[in-house]
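Take a look at the structure below.
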Amino acid sequence: MSKLKNDFNASSLEAMRKFSEAYAKRTGTFFCVDSSVTAVVIEGLAKHKDVYGAPLCPCRHYDDKSSEVQATYWNCPCVPMRERKECHCMLFLLPTNEFAGENQSISSDTILSLTE
């Protein structure tokens, strides 16, 4: 597995990118109009997947991330997203959200260029 300079595995980034695209399409949600938001969130999910073995929501503060991973509530897609389509990270936005873009896909190159 190759390491990127951002401290996560390229395979984890690709897995989180593909997951995010598939989940957006399946749920009828869209990425944020600001692609840097999407890139940073996907990068955070990849880092958490590498470190904790699960894509813990990167947009929240946790006293104990390992315990949060075990509880699964904030593992992406988190419970609020699954139950009410509320994404605190602004990764998965309903089309009616003022910050929703038109994209349900993002390239790995775009993620890397926006997170350097």
Side-chain angles (χ1 to χ4, degrees):
M1 249 184 271
S2 64
K3 279 278 202 185
L4 300 171
K5 71 178 188 176
N6 294 358
D7 273 347
F8 51 86
N9 288 312
S11 61
S12 295
L13 182 68
E14 186 63 8
M16 291 296 92
R17 184 190 69 77
K18 286 181 177 180
F19 155 76
S20 298
E21 289 180 349
Y23 192 80
K25 290 173 185 163
R26 188 170 74 243
T27 58
T29 56
F30 294 86
F31 296 148
C32 184
V33 68
D34 180 349
S35 296
S36 66
V37 171
T38 303
V40 168
V41 174
I42 292 173
E43 176 192 45
L45 292 172
K47 286 179 179 179
H48 282 165
K49 185 170 174 45
D50 279 351
V51 174
Y52 302 103
L56 183 66
C57 173
C59 301
R60 296 192 171 274
H61 169 76
Y62 308 99
D63 290 330
D64 182 352
K65 289 182 181 182
S66 295
S67 294
E68 292 294 340
V69 165
Q70 294 303 313
T72 72
Y73 187 89
W74 293 115
N75 292 350
C76 189
C78 64
V79 171
M81 182 61 210
R82 291 191 312 257
E83 291 181 353
R84 299 180 301 278
K85 289 192 177 176
E86 294 174 0
C87 183
H88 174 79
C89 296
M90 294 180 43
L91 180 59
F92 304 115
L93 299 170
L94 292 170
T96 54
N97 187 299
E98 66 182 303
F99 298 106
E102 298 178 356
N103 293 320
Q104 293 176 312
S105 63
I106 188 168
S107 72
S108 295
D109 289 340
T110 299
I111 294 170
L112 293 172
S113 70
L114 292 172
T115 57
E116 287 183 3

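Taking 4.5 Å as the limit, every side-chain heavy atom of F92 sits out of range of all side-chain heavy atoms of F30. Side-chain contact between R82 and Y23 is present, with heavy atoms from C-beta onward closer than 4.5 Å. Residues T110 and T38 have side chains not in contact (no heavy-atom distance under 4.5 Å, counting atoms from C-beta outward). Put simply, the side chain of V41 does not reach to within 4.5 Å of the side chain of M90, judged on heavy atoms. For the pair L94/T29, a side-chain contact is recorded, criterion being any heavy-atom separation below 4.5 Å from C-beta on.
Considering all non-hydrogen atoms of both residues, H48 and L56 come closest at ND1-O, 2.7 Å. Closest heavy-atom contact between G44 and P58: CA-CB, 3.8 Å. Nearest heavy-atom pair, A39 versus L114, reported as atom, atom and distance to 0.1 Å: CB-CB, 3.8 Å. The shortest heavy-atom contact between C59 and H88 is O-NE2, 3.3 Å.
Within a 6.0 Å sphere centred on NZ of K25, other residues, nucleotides and ligands contribute more than 12 heavy atoms.
Judged purely by atom type and a 3.5 angstrom limit, K85 has no side-chain atom pairing as donor or acceptor with the backbone of G28. Looking at N103, its side chain never comes within 3.5 Å of a backbone N or O of S105 through a donor-acceptor pair. With hydrogens and angles ignored, the 3.5 Å screen pairs no side-chain donor or acceptor of Y62 with any backbone N or O of S67.
One distance of note links CZ of R60 with NZ of K65; it measures 13.5 Å at 0.5 Å rounding. Taking CD1 of I111 as the reference point, atom CE of M16 lies at 10.5 Å (rounded to 0.5 Å). Atoms NZ and CG, on K49 and L45 in that order, are 10.5 Å from each other to the nearest 0.5 Å.
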Does the side-chain contact (heavy atoms from CB on, under 4.5 Å) test come out yes or no for S20 and I106, once each step is laid out?
CA-CA 9 Å; S20 298; I106 188 168; over 6 Å; no
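Salt-bridge check for R17 with E14: passed, with a basic side-chain N closer than 4.0 Å to an acidic carboxylate O.
Under a hydrophobic clustering in which Ile, Leu, Val, Met, Phe, Trp and Tyr are joined whenever their side-chain heavy atoms come within less than 4.5 Å, directly or via other members, L93 and V37 fall into the same cluster. Two different hydrophobic clusters hold V40 and Y52 under the rule that ILVMFWY side chains link at heavy-atom gaps under 4.5 Å.
A donor-acceptor contact under 3.5 angstrom links the side chains of D34 and S36, judged on distance only.
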Quiz: residues 71-81 side-chain donor-acceptor pairs under 3.5 angstrom, not counting sequence neighbours:
unit_1 : atom_1 : unit_2 : atom_2 : d
N75    : ND2    : V69    : O      : 3.1

